[in-house]
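Following: one structure in structure tokens, then a few remarks.
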Amino acid sequence: MIEFARNVRLWFAPERVRDEGETPDYRFSLANERTFLAWLRTALALIGGGFAVDQFLPDLPWGWRVGLALALLASGALCSLRAVSHWVRCERAMRKGEDLPVSRFPALLSVVIALVAVAMVVVVFAGWAG
């Protein structure tokens, strides 16, 4: 828990990451930043999908519409938080010369998106989308 709190502090003071280890090759730091931005694009797409389900499927039963929209919106929020957490953890690992951190989050996100996709297939076949 202490490590998590320390990482959260680094979200808002990234210059403090420089206090640890040695500066890695700038190309690795830039690649880490591009990965961070890719996660943010994914988060924005999920959030947009959540709003789209809510706004453009008014004929969908309320429970389905809200459930699918909330699943996408929550996935987007988690994805954006995970992006900054992963960026900090990778930057620290590179500076310390450690292996990059592993994560189950991509698998979890994939499963949630797959479940939403299956639910949307059910919606299309049931003809609820108008």
Path from Val118 to Val123 over hydrophobic side-chain contacts below 4.5 Å: no

Worked verdict on Trp64 versus Val122 for side chain to side chain contact (heavy atoms under 4.5 Å, CB included): CA-CA 10 Å; Trp64 277 91; Val122 169; 4.0 Å; yes

Qualifying salt bridge (Lys or Arg N to Asp or Glu O under 4.0 Å) pairs, either residue in residues 99-114, two or more places apart: none

Joint cluster assignment, Phe12 & Trp87, ILVMFWY side-chain distance < 4.5 Å: yes

Non-hydrogen side-chain atoms of Ser85 and Phe105 separated by less than 4.5 Å: no

All N/O donor-acceptor pairs, side-chain side in residues 33-55, below 3.5 Å, sequence neighbours left out:
residue : atom : partner : partner atom : Å
Thr35   : OG1  : Ala31   : O            : 3.0
Thr42   : OG1  : Ala38   : O            : 3.0
Asp54   : OD1  : Arg65   : NE           : 3.3

Residue pairs passing the salt bridge (Lys or Arg N to Asp or Glu O under 4.0 Å) test where at least one lies in residues 78-91, sequence neighbours excluded: none

Mind listing the side-chain donor-acceptor pairs of residues 71-81 below 3.5 Å, one per line with the distance, residues two or more places apart or on another chain?
residue : atom : partner : partner atom : Å
Ser75   : OG   : Ala71   : O            : 2.8
Ser80   : OG   : Ala77   : O            : 2.8

By side-chain hydrogen bond (donor to acceptor under 3.5 Å, both in side chains) - contacts of Glu20 (at least two apart): Arg6, Arg92, Lys96

Ring pair (Phe, Tyr, Trp, His ring centres under 6.0 Å) contacts in which one or both residues fall within residues 67-86, not counting sequence neighbours: none

Partners passing side chain to side chain contact (heavy atoms under 4.5 Å, CB included) against Ala107 (at least two apart in sequence or in another chain): none

Other ILVMFWY residues reachable from Met94 by side-chain steps of under 4.5 Å: Phe28, Leu100

Arg95 side chain vs Glu22 backbone, donor-acceptor pair below 3.5 Å: yes

Hydrophobic cluster membership, Val8 vs Val84, 4.5 Å side-chain cutoff: yes

Connected via hydrophobic side-chain network under 4.5 Å: Leu109 and Leu115: no

Counterpart residues, salt bridge (Lys or Arg N to Asp or Glu O under 4.0 Å), relative to Asp25 (two or more places apart): Arg27

Neighbour count >12 (heavy atoms, 6.0 Å) for atom CD, Glu15: yes

